[in-house]
Structure formats: structure tokens, C-alpha cells
There are 2 protein chains.
Amino acid sequence: MTPRLEIALVRDLPPFSGIDEKSLRDILDMARASRVKVGERVFEQDGEAREFFLLLDGNIRVVKLTPDGEQVVPRYISAGELFGIARALNMETYPASAVAASDCVVLSWPTAVWDGLVAKHPTFATNTYRTVGKRLAETQQQVVELATARVEQRVANAILKLANQTGRRTPEGILIDFPVTRQDISEMTGTTLHTVSRLMSSWEDLGWVKSGLKMITLVEGHKLVLVANGVKPDKR
Amino acid sequence: MTPRLEIALVRDLPPFSGIDEKSLRDILDMARASRVKVGERVFEQDGEAREFFLLLDGNIRVVKLTPDGEQVVPRYISAGELFGIARALNMETYPASAVAASDCVVLSWPTAVWDGLVAKHPTFATNTYRTVGKRLAETQQQVVELATARVEQRVANAILKLANQTGRRTPEGILIDFPVTRQDISEMTGTTLHTVSRLMSSWEDLGWVKSGLKMITLVEGHKLVLVANGVKPDKR
DNA sequence: CGAAGCCTTGATGCGCCTCAACGTACGTGG
DNA sequence: CCACGTACGTTGAGGCGCATCAAGGCTTCG
């Protein structure tokens with residue numbers, strides 16, 4: 001038999017804030033831990049939502065496929081976040097696919113336990129709905145951005161978001177701590193890998209970022225913030 | 001004292017489906033009805049979320065303002081829908097403004113009653129979260145569209161959505177039943193009123209729509225569906 | 001060591017924004 | 001009821017931002 005999951009793993013994560021240890025034990029005992037290797041999928045768009053998940057370690061890329069085969073990446077999930085919670089919103093299928101952007105450790109619960117879980121642990125329900133609210137707000141913010149900002153601004157913003165979410169301090173600057181390709185960025189921002197490449201090259205020339213293969217380091221974040229806000233570089 | 005609100009007003013609306021009449025009475029007794037004239041605002045972006053609302057009649061335009069003063073319209077609310085339900089997601093302020101697109105009748109509840117209400121009437125909570133789920137899915141769909149579809153497709157789609165939501169059959173075709181300007185459409189699709197005007201003129205020449213001042217009638221919906229799906233008009 | 005995946009950089013063109021000007025319906029007050 | 005002002009709509013000309021097409025270099029891994 002598998003060992004019990006450690007409460008310490010999740011106790012301090014936002015989804016479980018304010019929940020006492022006994023309840024936590026109860027919740028954890030319904031979960032199953034598993035590993036997902038980079039590139040593997042946790043679940044598939046339009047697939048039946050049989051489980052919901054908590055990301056313990058790693059990074060998940062959420063991917064939507066359009067009818068004509070293009071990909072859009074509406075968000076990245078990082079450690080400590082719930083995902084695949086279609087069931088919380090009474091949906092029967094996942095609205096997008098979830099791909100491991102790096103090696104991951106996830107907890108999963110059968111969807112069937114959801115109703116009992118929120119009934120028994122209202123704090124957990126509250127926390128979850130707060131998360132949903134944040135995601136809805138973020139998504140609407142994306143709509144606004146796509147509708148009004150130029151590519152340059154959107155790409156700068158995407159890099160800043162990634163750096164904030166999963167950045168690690170290094171001597172060089174803030175390193176985005178999992179493999180990200182130019183194509184990934186383009187799918188987050190509704191542009192092409194070519195345009196992203198050109199932009200990043202120009203920023204690298206200016207010394208604002210450092211980038212290599214699947215690797216981005218933010219050197220002068222504040223400069224990118226200006227770009228993201230549509231400030232034109234010094235028009236003399 | 002004001003008369004009690006009629007249960008018949010809301011009994012058959014989706015947010016109240018599956019709720020017995022006694023509970024309905026209870027819920028309704030906490031509500032207040034009011035009228036909002038076209039152009040007036042029900043609530044303001046970033047304002048404190050003191051109430052949540054149900055639209056009984058009319059149409060509400062949801063508007064987001066960008067830092068640099070541009071407007072984006074992420075959705076329209078039509079009769080029978082809840083709106084301003086920030087509180088359901090533990091948010092303290094409204095993420096957008098709500099403007100009456102036509103004369104409206106709305107019910108409103110003080111935010112303070114929310115928690116008691118969902119506790120006492122779980123069916124209502126479930127219905128609400130289903131709505132939230134649908135909106136999140138729609139919003140993500142918008143992101144995909146803005147990221148991948150050309151203006152032409154997006155505008156066609158916006159008109160189709162409006163026609164589906166609030167269209168009224170007339171001898172000419174399906175009439176969008178409240179005033180919509182070219183600018184409104186452009187703010188829904190992230191383009192300019194000029195481009196919308198040009199597109200609609202060309203569709204009018206083809207006989208696919210009829211349009212006048214603040215008025216749009218869909219004559220050949222299936223043609224617009226093709227445009228929305230990116231089918232190029234007959235390339236021989 | 002070769003192949004596949006990732007990145008870069010140029011050339012070209014077009015979709016759509018921007019700027020500009022004018023036409024048209026509405027409603028408001030004299 | 002007509003005259004005017006205002007808001008809405010149309011249409012043209014011009015140009016820029018970014019996609020598209022094309023070619024080649026670099027890294028990683030089997």
C-alpha cells in the first residue's frame with residue numbers, strides 16, 4: 001500500500017489556506033500523487049473531466065486548439081495551483097489540454113469527490129472560487145490586451161508574467177525556470193515565432209534580456225515594463 | 001411599502017431553475033427592483049461590489065476601460081442573466097462597468113446576503129457557478145479568436161453572437177433588438193469603427209445583412225457563418 | 001555523426017489602422 | 001415646425017506593423 005501523503009506538502013499552499021490539519025488529512029487521503037514527464041499530457045481538451053488536480057512541482061502549459069489546428073496558450077500553471085477544475089463550474093469536459101512544460105508532480109482527485117469535499121470543507125470551496133475569479137479576471141485582461149495592445153507590448157508582458165510567476169534569481173537576472181521556446185511565447189500572444197525572435201533579439205542587443213535555447217533571463221525588467229505599457233523608446 | 005415581487009417574473013429563468021417556490025419567495029424578498037434608462041450605468045469598474053444583479057428586461061453592455069482610455073466590450077448581458085456577481089468569486093470590486101444598452105429593469109441584492117443565500121439554497125449556488133463556468137469558457141474562446149482570427153471573422157462572429165442572444169425574427173430577417181453602433185461592434189472585436197463600417201457595407205451590398213442607424217438585421221446568417229469560419233468567398 | 005528541433009535574419013506584401021472629409025438621421029429648442 | 005447641432009455612418013488615400021515566404025546556422029540527442 002502507498003504511504004500517506006505528507007500534510008506538509010500542501011499545508012502552506014493558497015488553495016488550502018485556513019484549513020485545519022484534520023480536514024487537510026481528510027482531503028489528502030482522497031488524493032493520488034503522480035509524476036508527469038515533460039511533454040506528457042495531464043488531460044486532453046474536450047475529454048471527460050474525471051479528475052481535478054493540484055500541481056505540487058513543475059510547470060503546466062494550458063493549451064487550446066483551434067478548429068483549424070492552431071494552438072493558443074491562455075496560461076501557465078505553476079507549483080501550488082489547482083488546475084483542471086472544470087467540475088467546480090459544473091462542466092463535464094476540460095476546456096483545454098494540460099501539457100507538462102517541465103517534469104511535474106501532481107495530486108489528483110476523482111471528480112466524484114468534489115461535491116462532498118466542498119460541502120464538508122467550505123473554506124476549500126471559498127479558496128477555489130477565489131482562484132476561479134482570479135483566472136476569469138486574468139483572462140478578461142488578456143482579451144483587453146489582445147484587443148488593444150501591439151505585439152511588442154504583448155510579448156513584453158508575456159515574458160514579464162512568466163518571470164513573475166516562476167522566475168528564479170540568478171547573478172545575471174531573473175531566469176524563467178523551465179524551457180520556453182519562441183513558439184510558446186508566440187502562442188501566448190497571438191503572433192508568430194518570427195516576430196517574437198526579432199523582438200527578443202533586439203532586446204538582447206539592448207541588454208534587457210539574455211536568451212538561449214529554450215531559456216530566457218530577464219536582465220532589466222523595468223525596461224520591459226515600459227515596452228509593455230506602450231512607451232516608445234526615446235523618440236529624439 | 002413596496003409590493004412583493006412576483007415569483008412568476010423569475011420562476012422560469014435559468015438562474016432559478018430547480019428551485020422550489022418557497023425558496024424563490026425567500027430569495028425574492030431580499031431583492032429590490034429598479035429601472036435603468038439607456039446609457040445609464042448600473043455599476044462602475046473598480047467600484048466596491050455592494051450588490052449583485054439579475055437583468056429582468058433590456059440589455060446590458062459590459063465595458064472595460066484600458067489605462068490609456070480605450071474601451072473593450074467583453075460581453076453583452078441579456079434578459080434573464082445574472083451579472084455583477086463579483087462576490088460569488090470573492091472579489092471586492094467589479095472588474096468592469098455595466099451600461100444599459102437599452103432601457104432595463106434589474107433586480108438587485110445586497111452583496112451581504114450572498115453567503116447566506118448560497119448556504120440556504122445550494123441549487124442557486126450551483127446554477128450560478130455554472131454561469132460563471134460558461135462565461136469563463138466564452139472569455140477564453142474570445143482570447144483564441146482574437147489571437148488567431150482575422151478582423152473579418154471576428155466581426156462576423158460578433159454579429160452572429162448578438163443575433164443569437166437577442167435576435168428577433170422579422171420579415172426581413174433576424175433583427176438585433178437594441179441599438180448597436182459600428183463603434184460598439186469594433187469594441188467587441190478589437191478593431192476600428194471604420195473597418196466595421198466597410199465590412200458591413202460590403203455585406204449589405206451582397207444582401208447578407210441590412211443595417212441602418214444603430215440597427216442591424218441579419219438576412220443570410222449562414223453566409224456570415226462562413227465568413228466567421230474563415231471561408232474565403234469563392235476563389236475562382 | 002546525422003537528423004531533428006530550435007533560432008535568426010532578410011525580402012516582400014497585404015491587412016488593417018490612421019487621417020481626413022463629407023453625408024445623413026436624430027432630437028432639441030427657438 | 002423648421003433650423004441647427006450633434007452623433008452616427010460612409011468612403012477614400014496612404015502607410016505601417018506584422019505575417020508570410022525563404023534560407024541558413026546552431027544545439028542537442030539518439
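So you know, we letter chains A, B, ... as the sequences are listed, proteins then strands, and number each from 1.
- At whole-Å resolution of the value, CZ in Arg154(B) and C1' in dC17(C) are 12 Å apart.
- When heavy atoms are screened at a 4.0 angstrom cut-off, Arg198(A) is found touching base atoms of the nucleic acid.
- Contact of His194(A) with dT9(C) (side chain to base): a donor-acceptor pair of N or O atoms is detected under 3.5 Å.
- Here Thr181(A) lies in heavy-atom contact (under 4.0 Å) with sugar-phosphate atoms only.
- The minimum heavy-atom distance linking Val10(A) with Leu54(A) is given by the pair CG1-CD2, 4.0 Å.
- Just one of Gln45(B), Gln71(B), Arg41(B) meets the side-chain hydrogen bond (donor to acceptor under 3.5 Å, both in side chains) condition when paired with Ser97(B); it is Arg41(B).
- Set against dG15(C), dC17(C), dC6(C), the side chain of Arg150(B) has dG15(C) as its closest nucleotide.
- Under 4.0 angstrom from either OP1 or OP2 of dG9(D) there lies no side-chain N or O belonging to Ser197(B).
- Using a 4.0 Å cut-off, some side-chain N or O of Thr195(A) falls inside it from OP1 or OP2 of dA19(D).
- Thr191(A) has a side-chain polar atom (N or O) that falls below the 4.0 Å cut-off from OP1 or OP2 of dA19(D).
- The side chain of Arg182(A) contributes an N or O atom lying less than 4.0 Å from OP1 or OP2 of dC7(C).
- Glu92(B) has no carboxylate O lying under 4.0 Å from a charged side-chain N of Arg87(B), or vice versa, which leaves the two without a salt bridge.
- Which of dG9(D), dC17(C), dT9(C) sits closest to the side chain of Leu213(B) comes down to dG9(D).
- In this structure, Asp103(B) does not pair ionically with Lys37(B), as no charged nitrogen and carboxylate oxygen lie closer than 4.0 Å.
- Checking dT9(C), dC16(C), dC18(D) against every side-chain atom of Ser201(A), the shortest atom distance belongs to dT9(C).
- When the P atom of dC29(D) is taken as reference, atom NZ of Lys214(A) falls 9 Å away, rounded to whole Å.
- When the C1' atom of dC18(D) is taken as reference, atom CD of Glu152(A) falls 12 Å away, rounded to whole Å.
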